[in-house]
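These notes concern the structure reproduced below.
Residues take their numbers from the sequence shown, with the count starting at 1.
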Amino acid sequence: MDTPPQALPAPDSSPRGHDGMLRHAAPLLDDGVFSPERVKAEREQAYFNDLYLLAPVAYFVLGLDGVIVQVNLVAAELFGLVRECPGHVLFRSYVHEAFRHDFEQFVQRVLNSSEPERIQLQLRLRPDAPGECLPVSLLGSADPNGQALRLVLEQAEGKLAALERSEERFRRIVHSAEEGIWEIDAQALTSFVNPKMALMLGYQIEDMLGQPLAAFMDDEGRAILERNIARRQDGIVERHEFKFLRRDGSTLWATLATNPIFDSGGSYLGALALVSDITAQRAASERIWRQANFDQLTGLPNRHMFLDRLQHEADHAKREGACLALLFIDLDHFKQVNDRLGHEKGDMLLRQAARRISERVRAIDTVARLGGDEFSVILAGVGQLGGIERVLQELTAALALPFMLDGDTAQVSASVGVALYPADAEATETLLRHADQAMYAAKSAGRNGYSYFTPALQQAAELRRSTVREIRLALAQDQFEVHYQPIVRLCDGAIGRAEALLRWRHPLRGLLVPADFIAFAEANGLIIDIGEWVFRQVVRQARQWQDAHGTTFQICINKSAAEFRCDAALYQEWGGHLVRQGLAPGAIVIETTEAVLLDQARQVAERLRQFRAMGLSLALGDFGSGQVSLGCIKKADIDFLKIDRTLVGELGRDDAGLGLCEAIIGLAQRLGVKVVAEGVETASQRDLLRAAGCDYAQGYFFSRVLPAGLMDRLLAAQPAA
């Protein structure tokens, strides 16, 4: 034939599977590591396995020992072999005795050459019939992996006769094939289908010709097709599952192994696909999978899938440093419903209960039926106890409502146990057991309620609820105050900066520091409202002090990680407010912690850029207590570095503490970052820091935290001092 052999799809050269097609062993590097390049190449090579069967020339793959390991349909017919299982047959046994020496030399040339080799010889198509000889031309090439030899056989007869013989054989194979064969042109219009393909879809061949491939697909199939047409035009071989619609409207699931067709100039002409009906296999697999993973009564995940998802969510939470809540739900008095109304009505109640539970959690959460009247919910990625409380309250309220059961009414309630990952347990089996124990505690407490695993958690939940109510009241009644601690310039002792520190003047508990309430505010989102209030108070105070004591005065505001993760829209007005107040750029400094700087969340990086764009300065507090590098500080464009008070407290005790502080100061200043020492309590510490070149310091040696009025007096007295 005139068809160039290199245009034919190259067969796989690895050991064969049970269906006769070659299967690749795992591609490894020399050290046993999987190679992505090898995986990609061998996956694409495997796609050829179905398509090369249709090549209109005889195609062989030989092992290094000369055994025939794979043949296509034409070769199998020509040599009388069983394609799926050729057996232990040496190709050389078909070579005429007079040409065997030449054949062996030909094999060696092929194996040692990077280019194809050709030889003319004669074959005996039936070794037991020595009279029948066939002159052929063999084109041989070595497999890229060096594990096999590929041969393309062309009969050495006139080109016209060879073409006619080949076309007749190809036509016979295509029309009798058990797989569907579908050819489309460059516009994805059907140019050929074999009888099997038409039968699979229930059409006559003439009804399909000229029709677009998409006409036989649903919307899902069309979307996949559109994505892959461009890939085929790039010469990429594809194998995909598609859903077709038969003429009678029923569904046909099929795999299409598709190979692009190009002309001699490289222009895309269309594609040829081998189509296999997998409808029955897919339906059976889906049925088996659903039976193994879903509860037949409610349609919810069963215990098997629940445990799998619980492990998955726990692993995800561990990677992300997040939490999850596991809810164990048991319906109270369900046995009485079964006994009174029968199991059929009991099943109806369970289905309705499953629906009520599912409607009160997020789509990302998992609701499962563990068996009987027991359900479970995995609340993934919970960062606030308030969110768990809301779900618990809604669930218990919904399940306490009457159930209408086809003319009968039943009333049950729910006892819910709650266990938190990783606070209560890291092993999923232990977590489930703890949630179950908490559920029994809820039953013991009177049913129709919920209980946390430990009394400490229950007490914390009660404290949280009361504290949150009081925080809201504090915001409404102006119980919060902003106090300030001076930051002193070490070179001359002047106060040009201050750190703003929140205080809560509680009507019963007195003056509270942030450690007493900030965690509750963060867990319930109230930290955003508090932060907004603090920002506006500080801006107003900074404006007053700049007018009175100089335009360079700065105030530093602490921001928690939760405030860096929130929506950018919450801070959009800050820039305009700063401009309206006429503050100099950098007058307000946003201080955060090392944990925030190490946070890889997209929102954190966006907040840093947003604050910088507003003209806010950035400070990193407690440096030296974590893992942030100076390179990371440079990347985040930090203006001020605050040395952690524990390092400052070591000054004067040994040379190591001083050396560490000197190193931090020197490297930071080389990056153009100003250094503030926190927690300075003695004159010795001040003197050592000043000698080391530290820019600023704050601590009880200079001043305690002061209300705004006292801070104003200190600033006013500064020139006299």
Side-chain angles (χ1 to χ4, degrees), residues 481-503 511 513-515 518 534 537-538 541-542 545-546 549-550 552-560 586-594 616-626 628 633 638-652 657-658 660-662 664-665 668-669 673-719 721:
E481 301 174 2
V482 180
H483 291 199
Y484 300 87
Q485 185 173 43
I487 298 175
V488 175
R489 190 164 56 229
L490 286 176
C491 64
D492 59 6
I495 302 172
R497 291 166 173 78
E499 179 177 356
L501 297 163
L502 183 64
R503 296 293 185 265
L511 192 65
V513 297
I518 284 295
V534 169
Q537 292 294 316
V538 167
Q541 189 65 70
W545 285 341
Q546 281 194 7
H549 308 295
T552 60
F553 197 87
Q554 288 181 316
I555 301 180
C556 184
I557 304 174
N558 290 283
K559 286 288 174 188
S560 70
I588 304 299
V589 181
I590 300 298
E591 179 178 338
T592 187
T593 63
E594 292 188 340
L616 299 170
S617 296
L618 299 176
L620 179 66
D622 303 332
F623 184 79
S625 62
V628 169
I633 293 170
I638 296 296
D639 299 290
F640 295 93
L641 184 68
K642 304 185 77 172
I643 301 176
D644 185 70
R645 63 182 62 250
T646 58
L647 296 180
V648 173
E650 295 296 319
L651 291 176
L658 178 59
L660 183 56
C661 286
E662 288 175 337
I664 293 174
I665 293 167
Q669 292 178 344
V673 178
K674 297 292 185 182
V675 181
V676 181
E678 295 181 286
V680 177
E681 297 184 353
T682 67
S684 173
Q685 292 171 352
R686 177 203 60 186
D687 295 339
L688 289 171
L689 288 165
R690 184 163 52 198
C694 185
D695 301 292
Y696 302 94
Q698 67 182 101
Y700 288 166
F701 175 76
F702 304 104
S703 173
R704 292 184 175 274
V705 180
L706 303 172
L710 292 180
M711 180 70 182
D712 190 61
R713 293 181 196 174
L714 184 63
L715 292 173
Q718 192 170 217

- Task: Give the intermediate values and the outcome of side chain to side chain contact (heavy atoms under 4.5 Å, CB included) for residues Val676 and Ile487.
- Result: CA-CA 8 Å; Val676 181; Ile487 298 175; 4.0 Å; yes

- Message: Is there a side-chain hydrogen bond (donor to acceptor under 3.5 Å, both in side chains) between Asp712 and Gln541? Walk through the geometry before answering.
- Response: CA-CA 10 Å; Asp712 190 61; Gln541 189 65 70; 5.2 Å; no

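For the pair Pro486 and Met711, the tightest heavy-atom approach, listed with the atom from each and the gap, is CG-SD, 3.7 Å. Shortest non-hydrogen contact noted between Glu591 and Cys556 is OE1-SG, 3.0 Å. Nearest heavy atoms, Gly679 versus Arg645: CA-NH1, 3.4 Å. Across Cys661 and Leu647, no two heavy atoms sit closer than the pair SG-O, 4.1 Å.
To the nearest 0.5 angstrom, Lys559 atom NZ is 13.5 Å from Thr593 atom OG1. Interatomic distance, Ser617 OG to Ile638 CD1, rounded to the nearest 0.5 Å: 10.0 Å. Distance check: Glu662 CD to Cys694 SG gives 11.0 Å after rounding to the nearest 0.5 Å. Going from atom CD1 of Ile665 over to atom CG of Leu658 covers 8.5 Å, rounded to the nearest 0.5 Å. Annotation: the span from Glu681 atom CD to Phe701 atom CZ amounts to 11.0 Å, rounded to 0.5 Å. Rounding to the nearest 0.5 angstrom, the gap separating the OH atom in Tyr696 from the CD atom in Glu499 is 15.0 Å.
The shortest side-chain heavy-atom distance between Leu620 and Val673 does not fall under the 4.5 Å cut-off. Taking 4.5 Å as the limit, every side-chain heavy atom of Val589 sits out of range of all side-chain heavy atoms of Arg497. Between Ile557 and Leu616, every side-chain heavy-atom pair lies at or beyond the 4.5 Å cut-off.
Side-chain atoms of Gln546 come within 3.5 Å of backbone atoms of Phe553 as a donor-acceptor pair (strictly under, hydrogens ignored). Remark: the backbone N or O of Gln485 is not paired with any side-chain donor or acceptor of Gln698 at under 3.5 angstrom. Asp639 contributes no side-chain N or O that, together with a main-chain N or O of Ala619, makes up a donor-acceptor pair within less than 3.5 Å. Between the side chain of Glu678 and the main chain of Asp622, a donor-acceptor pair closer than 3.5 Å is present.
Residue Tyr484 is tested with Leu715, Leu710, Ile555, Leu714 for a side chain to side chain contact (heavy atoms under 4.5 Å, CB included); the sole match is Ile555. Screening Leu706, Val513, Leu511 for a side chain to side chain contact (heavy atoms under 4.5 Å, CB included) with His483, the sole residue that qualifies is Leu511.
The ring pair (Phe, Tyr, Trp, His ring centres under 6.0 Å) test applied to Phe640 returns no partner, not counting sequence neighbours. For Val648, the side-chain contact (heavy atoms from CB on, under 4.5 Å) partners two or more places apart in sequence, or in a different chain, are Ile643, Leu651, Ala677, Val680, Gln685, Leu689.
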